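Since we're looking at a predicted model, the values are computed, not measured. Any value given below was found using the heavy atoms of this structure, including those in side chains, with hydrogens, waters and symmetry copies removed. Letters A, B, ... mirror the listed sequences (proteins, then strands); counts begin at 1.
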Amino acid sequence: MPELPEVEFTARQLRALVLDATIRDVQIFWERTIGTPDAPTFRALIAGQRILQVRRRGKYLLFDLGRADTPELVMTLHRRMTGNLYLLPPGWEIDAQARTANPAAWSTRGPDFRYSAPDSGQDAPVLVREEEASYYDPAELSHCRVCFDLLDGRRLLFNDPRKFGRIELWPADREDEALAGLGPEPLSTDFTVDVLSSRLAGRKGPIKTVLLAQETVAGLGNIYADEALFLARIHPLRPANSLSAEELSRLHAAIVSVLGMAIEYGGTTFSGYRGLQGELGENYDHLKAYYKAGDVKHCFRCGSPIASQVIAQRTAHFCPQCQTL
DNA sequence: ATTTAGACCTGTCAGC
DNA sequence: TGCTGACAGGTCTAAA
């Protein structure tokens with residue numbers, strides 16, 4: 001679900017809220033969410049670790065962990081399609097009560113959860129901080145796969161209905177191995193037109209498909225690849241190695257601006273994406289090309305309805321007038 | 001060497 | 001109201 005802007009927004013929230021917190025223990029409700037090491041080892045390693053820093057690389061969230069001031073471990077978290085992190089204030093209880101009365105169903109579905117606020121009987125929305133009107137809707141938290149219990153009583157939940165998300169723990173000095181294959185960071189100053197150009201050289205597949213590959217540029221997904229191509233007026237089916245110097249320059253600028261704007265608006269929510277405290281991203285209304293089903297947009301340049309077409313199993317959105325082959 | 005279909009998963013929504 | 005099928009922000013693997 002989340003692409004670079006949504007992950008970056010969450011990383012910034014985490015830096016403001018959980019830096020220096022200590023992880024007391026972890027509850028793992030869906031073992032496959034833990035990629036490596038195996039769940040018991042993961043649990044043993046992480047107990048007592050302090051969160052020294054939170055970073056982002058591509059669509060990965062990185063937690064630097066250590067018992068003292070030196071990072072020992074790096075925890076990588078990838079949300080894939082539906083993963084969200086929620087920070088619960090102290091006092092919230094996890095009532096691991098199966099929705100189904102049949103315990104045998106747990107092995108395939110995993111248990112479903114009910115959350116109760118500190119003041120019992122209170123239903124969502126629950127006001128957490130009055131000035132921000134943030135809230136948690138317990139209905140949104142019913143797919144908890146992993147729960148980090150912090151020493152101060154707060155809980156960091158990884159909620160992930162489709163179970164595609166992955167959390168891994170690596171020795172700090174093997175971070176490169178954990179993130180192998182990721183291309184350049186599009187918001188770093190190292191990401192120049194020349195870098196983009198060299199990444200596309202020799203790739204004759206459709207530019208849309210090449211942009212989605214994380215080794216080309218890290219962090220672009222279906223929404224922002226479409227947005228960038230729309231702004232740059234490049235048809236998604238253009239062979240990646242066929243772009244002119246001017247088109248490369250436009251695409252580079254479009255990638256940077258599209259991602260930057262989305263971060264400003266807290267990411268794009270069209271259904272499931274939420275911030276750490278349940279906030280909705282406000283970028284959907286600022287998208288120019290991407291739309292959810294039944295909600296067609298029109299090109300702001302020429303007024304044509306935005307077209308959609310499946311390219312390499314993903315739906316691409318573009319203006320058929322402004323983005324020609 | 002690429003491209004593509006299938007897996008992994010559950011929820012939601014449109015249409016009948 | 002209920003069923004069926006299509007579709008969803010991602011990525012890996014095996015087969016063509």
Asks: Would you mind reading off the distance between A:His78 atom NE2 and B:dC9 atom P, rounded to a whole angstrom?
Replies: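 These atoms are roughly 16 Å apart.
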
Asks: Go through the steps for A:Arg79 and A:Asn84 under the test side chain to side chain donor-acceptor pair (under 3.5 Å), then give the verdict.
Replies: CA-CA 7 Å; A:Arg79 293 147 77 168; A:Asn84 272 320; 3.1 Å; yes

Asks: Does A:Lys297 make a cation-pi contact with A:Tyr290, if we ask for NZ or CZ under 6.0 Å from the ring centre and within 45° of the axis?
Replies: no

Asks: From CD1 of A:Ile311 over to C1' of C:dG10, roughly how many Å is that when rounded to an integer?
Replies: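 Whole-Å distance recorded here is 17 Å.
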
Asks: Taking the side chain of A:Phe270 as heavy atoms from C-beta outward, which of B:dG11, C:dA8, B:dA5 is closest to it?
Replies: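 Taking heavy atoms from C-beta onward, the closest nucleotide is C:dA8.
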
Asks: What does A:Lys59 touch in the nucleic acid at a heavy-atom separation under 4.0 angstrom: a base, only the sugar-phosphate, or nothing?
Replies: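 Answer is sugar-phosphate: A:Lys59 comes under 4.0 Å of backbone atoms only.
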
Asks: Is a side-chain donor-acceptor pair under 3.5 Å present for A:Asp38 with A:Thr41?
Replies: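 A pair is found: one side chain offers a donor N or O, the other an acceptor, under 3.5 Å apart.
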
Asks: Roughly how many Å is it from OH in A:Tyr60 to P in C:dG10, rounded to a whole number?
Replies: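 Whole-Å distance recorded here is 13 Å.
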
Asks: Touch check for A:Thr268, heavy atoms < 4.0 angstrom, all strands: base, sugar-phosphate only, or nothing?
Replies: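 Here A:Thr268 touches the bases of the nucleic acid.
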
Asks: How would you label the contact of A:Gln214 with the nucleic acid (heavy atoms, under 4.0 Å): base, sugar-phosphate, or nothing?
Replies: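 Since only primed, P, OP1 and OP2 atoms lie under 4.0 Å of A:Gln214, the category is sugar-phosphate.
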
Asks: Is there ring stacking between A:Phe164 and C:dT11, where the centres must be under 5.5 angstrom apart and the planes under 30 degrees?
Replies: no

Asks: When the P atoms of C:dA6 and B:dA5 are considered, how many whole Å apart are they?
Replies: 15 Å

Asks: Is any side-chain nitrogen or oxygen of A:Lys163 closer than 4.0 Å to OP1 or OP2 of B:dC8?
Replies: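 Looking at the OP1 and OP2 atoms of B:dC8, neither is under 4.0 Å from any side-chain N or O of A:Lys163.
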
Asks: Mind telling me whether A:Phe42 and A:Phe148 have parallel, tilted or perpendicular rings, with 30° and 60° as the class edges?
Replies: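 Tilted: the ring planes of A:Phe148 and A:Phe42 meet at 30° to 60°.
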
Asks: Do the ring centers of A:His317 and A:Phe230 come within less than 6.0 Å of each other?
Replies: no

Asks: If I pick the C1' atom on B:dC9 and the same atom on C:dG2, what distance separates them, to the nearest angstrom?
Replies: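 C:dG2 and B:dC9 have their C1' atoms separated by 23 Å.
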
Asks: What is the distance from CG of A:Asn283 to C1' of C:dG9, rounded to the nearest Å?
Replies: 12 Å

Asks: Rounded to whole angstrom units, what separation is found between the CG atom of A:Leu85 and the C1' atom of C:dG9?
Replies: 15 Å

Asks: Measuring to OP1 and OP2 of C:dA8, would you say a side-chain N or O of A:Thr82 lies under 4.0 angstrom away?
Replies: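 Indeed not, no polar side-chain atom of A:Thr82 lies that close.
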
Asks: Considering every strand and a 4.0 Å limit on heavy-atom distances, what is the contact class for A:Arg32: base, sugar-phosphate, or nothing?
Replies: sugar-phosphate

Asks: Among C:dG9, B:dG11, C:dA8, which nucleotide sits nearest the side chain of A:His143?
Replies: B:dG11

Asks: Just call it for A:Tyr290: base, sugar-phosphate, or nothing, with non-hydrogen atoms closer than 4.0 Å on any strand.
Replies: sugar-phosphate

Asks: Compare every heavy atom of A:Leu243 with every heavy atom of A:Leu251, then report the nearest pair and how far apart it is.
Replies: CD2-CD1, 3.9 Å

Asks: CD1 of A:Ile223 versus C1' of C:dC7: gap in Å, rounded?
Replies: 14 Å

Asks: With a 3.5 Å cut-off and heavy atoms only, can you find an N or O donor on one side and an acceptor on the other between the side chain of A:Ser271 and the base of C:dG9?
Replies: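 Yes.
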
Asks: CG of A:Leu287 versus P of C:dG9: gap in Å, rounded?
Replies: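 Rounded to the whole Å, the gap is 12 Å.
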
Asks: I need the minimum non-hydrogen distance between A:Met75 and A:Leu169, along with the two atoms involved.
Replies: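 What the structure gives for the nearest pair is CB-CD1, 3.7 Å.
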
Asks: Hey, is the main chain of A:Gly219 close enough, under 3.5 Å, to the side chain of A:Tyr224 for a donor-acceptor pair?
Replies: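 Here the side-chain-to-backbone pair does not exist.
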
Asks: Dot-bracket for DNA chain B: what is it, with Watson-Crick or G-U pairs under 3.5 Å, [ ] where a pair crosses earlier ones, and | for a pair to another strand?
Replies: .|||||||.|||||||

Asks: Nearest whole angstrom, please: distance from the C1' of C:dT11 to the CG of A:Asn222.
Replies: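 Answer to the nearest Å: 13 Å.
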
Asks: OP1, OP2 of C:dG9 versus side-chain N and O of A:Arg314: anything below 4.0 Å?
Replies: yes

Asks: Can you tell me, in whole Å, how much space there is between the C1' of B:dT3 and that of C:dG9?
Replies: 23 Å

